[in-house]
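Labels below follow one simple rule: chain letters A, B, ... track the order of the sequence lines, proteins then strands, and each chain is numbered from 1.
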Amino acid sequence: MFTRGTLIYIVQRLVLITLAVLGVSSLVFLGIHRLPGDALFSEHLRGTQYELTLHHYGLDRPLWQQYLTFLGNMFHGDLGESLVNRGVPITPIVLREMSVSAEVGLVALIFTIGLGMSFGVIAALRQNTWLDYLLSTTSVIGYSMPNFVIATFLILVFGVWLENITHGNFYFEIGWPGRYGSIGAIWLPAFALGFPSASIVARMTRASMLEVLQQDFIRTARAKGLAPATITIRHALRNALIPVITVLGPLAMAIITGGVVVENIFGIPGLGKEFATSILNRDYNVVIGVFTGYAALVGLTNLGVDLLYVVIDPRIRY
Amino acid sequence: MAATPATVVAAEPIAPAQASLWSDAWRKLRRNRLALGGAVYLTLVVVVALTALVWTPYPMAEVGVGIPYSAPSLQHWLGLDTIGRDVLSRLMVGAQVSLLVGVGTQLVVLAIGVPIGLAAGYFRGVFDQVTTFVINLFYGVPNLLVALILVFLLGPSLTNIIVAIAATGWMDMARLVRGQTLSLRERDFIEASRAAGARPAKILFGHVLPNALGPIIVQATFGVPAAILFEAFMSFLGLGVPPPMPSWGSMAADGITAIRIAANLVIAPAVALSLTLMAFNFVGDGLRDALDPRQRR
Amino acid sequence: MATPILQVKDLQTQFTTHDGVVRAVDGVSFDLYPGESLGIVGESGSGKSVTALSLLRLVPNPGRIVGGQVLFRNDDLLQLSDEEMREIRGRDIAMIFQDPQSSLNPVLRTGFQIAEAMLAHQRSTRSQALRRAVELLRRVRIPAAESRAKDYPHQLSGGMRQRAMIAMGLANAPAIVVADEPTTALDVTVQAQILELLADLNHELGAAVVMITHNMGVVAGLCTRVLVMYAGQIVEQGPVEQIFEDPQHPYTWSLLKSIPRVDAVRHERLRSIEGIAPDLLRPPRGCRFHPRCPFRVEKCFSDDPHLIEVKPDQRAACWVTMDRARAEMGADDLLDIRPGSASGVQAGRLVE
Ligand SMILES: Nc1ncnc2c1ncn2[C@@H]1O[C@H](COP(=O)(O)OP(=O)(O)O)[C@@H](O)[C@H]1O
Ligand code: SF4
Ligand SMILES: [Mg+2]
């Protein structure tokens, strides 16, 4: 499946991703270069103290020097330190938050693919029945609902109504208690993130299943005497997934960007939450770090999706 | 067609299938119940938004027209928000914002994306290469993140939001128009008018554009809910239209803090937003089935 | 001869379309004997494929088998449950399709697709089946079978793909192999090799082969008996040599006249017959061939001829038959083969 060519391809892509990450962070760095100093100025700092702080962050030097230092640090994976919490390095924070976001995003993607595929296959196998119409309508509703609306309703149902109905026996803490301890921690936000995309996957799976089921090789499989379930899963579904993967890239992007809001609603300590917090705190160094983290996450996700092609479709080789 | 003399074809520039294509499309669209329902709902939203220009039950920004967090009542159909403003009034004004952003963005996208796509597809060469390079550069980068960076750099305002969303949206439109132009320019009736000496502007806007209109309309229709969603998203994060201007996104964000006390504060904008997006998607689906020949069976 | 292994009786298969009912197979009956090689010929659209698919109950939507019997070892296949039918497919009756490119699953390894046919019907492990698949690939003369088995279909040539399809058909040593135009989609040079392979396998394995083709040359090279189909019906049947020498149905006669020479398995369409194939939505009244038949008589416009014994072992559905056409209408010297040219019965005469 993975040949030497694939390895070379992966290395090339990683180089490109690194360049893209540098590009994005440079863009943001240069775009907001005046803001960090202004932000510090308003922080009740006066006179020499302000000068000293500026000096500490190197903000008193000419822009080109600042930029070169920034680039140099980037090469060492150093994103500088927080403007608000002096002395706290940003890189470990961003890395930790990236892994949290990636984890939630991955579960969301599993929802997307799992739910989307199952609904799509069922709708295709029951074409033009009430079940098909029900699933198709649900899917339009699904992809029309913004993920933060879904997140809100989930909180309303699980966090408010269920608690009221059960007189507090079902208690749901919005927040991040650790890992998979509470359904709120990862399953609900992942569902909110994944569901709109699942609707799109369902629509596409249905359409491509219907097309694949017409293909000659399905007839061959039936002529061999294979069981219907084998034909559906092994022969039809795998081929039906090929066009679906083409949208997986954009859908993964939707999940990543959706995290910006959904993490805030559910209090998940990921990149999205940091994004909002850092803007609110005007901690511009962290803002740059967050965008850098996003650029890396996006690049790696796209690479992952492209590699998925190779797994699903043997005709594709890099 | 191929054998027809160039002059004759130039006299009748539009491909013969065009007229019936539009009436066909109209007939198909009228039979699509979901699209029709969507259109009716959107008309309602437009009426509400227009009404809000001259009248709302209460001034949308006036604080304390009642007790904060009040549940829906006869005086305040949708209740009062965290600082005692009338939710219905704010929802009505929010419709203006959503429509303005949605439609405004797509107008900018059309104004930028269509000419660039036409030129890139028709003249090809360096211009095409540069355009394609830029588009490919941003391909795979989430539009929302780019728009967020832009709003962040430009500062939150209605205009800046439209600019930021359009700055990412024009690329998809340009890509579509370029593709359409590339395939159309090889068609006989366009080659014929080129041979007859028609100027590029006349060919592009007189012949190519009318024939590419179907997919363009479909894409723009789907672009509207996408833009509305982006705005709601930004407003939800506090990067949207500045207060006291309401937006469905910021109303939902405010409401979510009060979700245990007054769920109506978040439900109202969330439902309005979802229904509007859904309606646009139904209409878009209907238009695509009716207009986009690629989807035709 | 021995008892037939397959008896088809009055098979009727229809497609219900928006425009009406298409009777794609309309009362087809024939016997298939163990180990024999039976050809089915006819123009494109005459119902050959639908007949073949009906045998295995694989008719695609909106097609339905609406009547008749398919007796296999005393069972009527049309009465079996879906599960019982599934057991028959691939195990007792295998099918080889026209286009090996689209008939193989692009995302599964070739060897596995063959092994799968065995695993569906036999108790064996995956690795045993895969090993058997390599043997089968060798048997259909694919070089380097071991590594080819691991290839995906797109990595094989067209001829190799069809060999793999044949290997798949033979996987369970079926009693009957139905081959639907197995060479049509292949290069001319490869066609002969595939036919040769099929002939060898027919002899070696003793499986009965139903060879569907629109090419008379293929029938001549491979088959012992032949059915000629026209517009969903069998119009003539009998031993190949006899029919080639002395066709009795005017349609068979014109088919044979239309091949330049009966020497090669050339990819030659049966095209030089005057007129167009009939519309099965509204088939002609009387004999379905009458709009194109040079020898038609008035009866042909109103009455449907039935298959009757015209020679020993040879049956034809024709009111005139070629013996009479030769004797009374000078068929052998006929230069003009337009409809009605020999008998002088023009269509207009009978309209009102
Ligand atoms: N899927 C289908 N839908 C409607 N009609 C069909 C379908 N498949 C076959 N037919 C009809 O059945 C007739 C016979 O087709 P077929 O058996 O494929 O002919 P051939 O002799 O070329 O194999 C065709 O003329 C066509 O009208
Ligand atoms: S002679 Fe009559 S019955 Fe015989 S084939 Fe011609 S039309 Fe049919
Ligand atoms: Mg056929």
Separation between OH (Tyr294(A)) and CG (Leu148(B)), nearest 0.5 Å, reads 8.5 Å
Among residues 272-286 of chain B, which residues come closer than 4.5 Å to chain A, judged by heavy atom distances? Leu273(B), Ser274(B), Leu277(B), Met278(B), Asn281(B), Phe282(B), Asp285(B)
Just verifying a value: how many Å separate Leu34(B) CG and Thr137(A) OG1, rounded to the nearest 0.5 Å? 6.5 Å
If you tally heavy-atom pairs under 4.5 Å between each of Ile256(A), Leu27(A), Val149(A), Asn264(A) and chain B, the highest tally belongs to Val149(A)
Over all heavy atoms of both residues, which pair between Phe148(A) and Ala232(B) is shortest? Give the atoms and the distance, please. CZ-CB, 3.8 Å
What part of Phe233(B) is in contact with chain A, defined as an atom under 4.5 angstrom from a non-hydrogen atom: side chain, backbone, both or neither? both
Counting only heavy atoms closer than 4.5 Å, note whether Leu153(B) contacts chain A via side chain, backbone, both or neither. side chain
Atom OG1 in Thr152(A), atom CG in Leu265(B): separation rounded to 0.5 Å? 12.0 Å
Value for CD1 (Ile256(B)) from CD1 (Ile265(A)), rounded to nearest 0.5 Å, stands at 4.0 Å
Interchain contact, Tyr143(A) with chain B, by part (heavy-atom threshold 4.5 Å): both
Would you sort out whether Ile267(B) and Leu156(A) count as a side chain to side chain contact (heavy atoms under 4.5 Å, CB included), showing the intermediate values? CA-CA 9 Å; Ile267(B) 293 178; Leu156(A) 212 57; 3.5 Å; yes
Chain B shares the most heavy-atom pairs under 4.5 Å, among Val28(A), Val24(A), Ile141(A), with Ile141(A)
My understanding is that only one of Val298(A), Leu297(A), Thr301(A) makes a side chain to side chain contact (heavy atoms under 4.5 Å, CB included) with Pro142(B); could you say which? Val298(A)
Whatever's closer than 4.5 Å to a heavy atom in chain B on Val260(A) counts as both
Side chain, backbone, both or neither: which part of Leu145(B) has a non-hydrogen atom closer than 4.5 Å to chain A? both
Just verifying a value: how many Å separate Phe230(B) CZ and Thr257(A) OG1, rounded to the nearest 0.5 Å? 7.0 Å
